[in-house]
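Nothing fancy with the numbering, it's 1 onward along the sequence. It should be emphasised that the depicted structure is a prediction, and the values quoted were computed from it without experimental measurement.
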Amino acid sequence: MNKMHNNEEDNEPTPMPQDEAPAPVMDAEGAFTPGWFTRFEELQPFAATLSKFQRPEALAKSYAHLEKLRGYPDTADSARMAAFRTAVGLPATAEEFAMQRPDHTPDELWDEELVNQLSGVAYEYGVPPRALAALAERYTSEGRKFMERCQLEQAQAVARAEAELQRTWGPAYESNLDTISSFLKTMSERAGVNLGNLVENPALRANPDFARLMLEMAGLMDEAPLHTGQQPDHKGEAHRIAHDPTHPLHEAYMRTSHPQHRYANEQYDRLAFGRKL
């Protein structure tokens, strides 16, 4: 019987060792134990900050202070805004808050005075510098796309205007452009206007009515020269038509196949011989 009893005792399962009790969070004095936060996996990213707190009271006060900062501070409350900047790691002075110009930003999109104003507003309202840089990058990126789209639309508008004038004027297209160019050169010299900037203006080049108007005005100037305080030199003007290649009507006068030859010839006769049209 005893032998059987001993066998039953031998067959009983060996008890498993119990898990070790976790280290206490606080000691007998009510202070945090070293590394107390390591017991909580979710607190590992905040180990550097939590290690500064020796007692629960200090941690509680810090949390209460953080709760007071919850929500966006009013810019009129300078003390709270300063605390907010410190809490979230924003620059302490406006001078440290300058918006940087993104790479490849066209000069037309970057206004230093406006940038300084926007940087000041961002500092005043506590906008993170990274957010400000992201906004500047997005603004310049969209601005470049807008400029490229405008340039493409302007080029298309100029091409349409040129095509319309070529269709309307036919063979006289090139000579009419020469007439307009000579007229504008004369007028720009009188007015002291930069002719290059004028003729390269895409808004004017894209408007066929502007070209028609300039051609009409060039013809009127030939018929009635501008008053300069002296009587117009009709014979001198006729001589220029016949001999000066820069005169708007010279080519038309010299070339009988020119579509404006008849008009140029009539103007020459009117100026040289006083014939009425």
Side-chain angles (χ1 to χ4, degrees), residues 72 75 85 88-219 221 246 248 251 259:
Y72 202 78
T75 56
R85 292 193 182 99
V88 298
L90 296 180
T93 64
E95 289 71 21
E96 302 174 73
F97 220 97
M99 184 189 299
Q100 299 300 318
R101 179 172 180 168
D103 295 337
H104 311 299
T105 302
D107 292 338
E108 296 87 343
L109 293 178
W110 194 255
D111 186 328
E112 285 292 345
E113 182 178 352
L114 177 59
V115 166
N116 292 334
Q117 294 177 8
L118 293 177
S119 297
V121 172
Y123 168 76
E124 179 184 359
Y125 283 86
V127 178
R130 290 177 60 185
L132 189 62
L135 289 172
E137 183 67 38
R138 176 62 63 85
Y139 170 79
T140 54
S141 175
E142 294 302 319
R144 285 194 299 268
K145 293 178 183 177
F146 177 75
M147 288 181 60
E148 292 170 359
R149 187 164 60 250
C150 288
Q151 291 169 355
L152 177 61
E153 292 174 354
Q154 287 176 348
Q156 292 173 340
V158 170
R160 287 194 298 269
E162 292 176 350
E164 180 179 337
L165 291 176
Q166 288 176 346
R167 184 174 60 255
T168 304
W169 288 341
Y173 175 76
E174 293 295 338
S175 62
N176 286 350
L177 291 185
D178 291 340
T179 298
I180 294 172
S181 178
S182 297
F183 169 70
L184 289 177
K185 183 176 184 298
T186 299
M187 298 301 292
S188 64
E189 290 174 353
R190 289 176 177 270
V193 174
N194 187 315
L195 180 60
N197 293 340
L198 182 64
V199 297
E200 291 302 321
N201 188 322
L204 296 179
R205 293 181 59 200
N207 189 345
D209 287 340
F210 174 75
R212 297 187 182 100
L213 179 63
M214 291 300 99
L215 182 63
E216 186 67 21
M217 292 180 67
M221 188 179 75
T246 65
E251 183 180 357

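Atom CG of Asn201 sits about 8.5 Å away from atom CD of Gln154, to the nearest 0.5 Å. Rounding to the nearest 0.5 angstrom, the gap separating the CE atom in Met187 from the CE atom in Met214 is 8.5 Å. Taken from CG in Leu165 to CG in Leu177, the straight-line distance is 7.0 Å, to the nearest 0.5 Å. Here OH of Tyr173 is found 10.5 Å from CG of Asp178. Values are rounded to the nearest 0.5 Å. The distance from the CG atom of Asn207 to the CG atom of Leu213 is 9.5 Å, given to the nearest 0.5 Å.
No more than 12 heavy atoms of other residues, nucleotides or ligands sit less than 6.0 Å from atom CD of Glu216. In this structure, Tyr139 places its OH atom where only 12 or fewer heavy-atom neighbours from other residues, nucleotides or ligands lie under 6.0 Å away.
Annotation for Ala211 and Ile180: closest pair O-CD1, 3.2 Å, computed over non-hydrogen atoms. Considering all non-hydrogen atoms of both residues, Pro129 and Leu90 come closest at CD-CD2, 3.8 Å. Considering all non-hydrogen atoms of both residues, Leu132 and Val127 come closest at N-CG1, 4.3 Å.
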Tabulate below the donor-acceptor pairs under 3.5 Å that side-chain atoms of residues 103-117 make, not counting sequence neighbours, or state none.
residue: Thr105; atom: OG1; partner: Pro102; partner atom: O; Å: 2.6
residue: Asp107; atom: OD1; partner: Arg101; partner atom: NH2; Å: 2.8
residue: Trp110; atom: NE1; partner: Glu112; partner atom: OE2; Å: 2.9
residue: Asp111; atom: OD1; partner: Glu113; partner atom: N; Å: 3.1
residue: Asp111; atom: OD1; partner: Leu114; partner atom: N; Å: 3.3
residue: Asn116; atom: ND2; partner: Glu112; partner atom: O; Å: 3.2

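Residues Lys145 and Glu148 are not paired through a salt bridge, judged by the lack of any N-O separation under 4.0 Å between the basic side chain and the carboxylate.
Evaluation of the salt bridge (Lys or Arg N to Asp or Glu O under 4.0 Å) test over residues 149-162, restricted to residues two or more places apart or in two chains, returns Glu162-Arg205.
Remark: Thr246 engages Asp244 in a side chain to side chain donor-acceptor pair (under 3.5 Å) (not counting sequence neighbours). Under the side chain to side chain donor-acceptor pair (under 3.5 Å) criterion, Glu200 pairs with no residue, sequence neighbours left out. Residues meeting the side chain to side chain donor-acceptor pair (under 3.5 Å) test with Arg212, sequence neighbours left out: Glu164, Asp209. Annotation: side chain to side chain donor-acceptor pair (under 3.5 Å) contacts of Ser175 (sequence neighbours excluded): His258.
For the pair Arg85 and Tyr123, the cation-pi criterion (under 6.0 Å, within 45° of the ring axis) is fulfilled.
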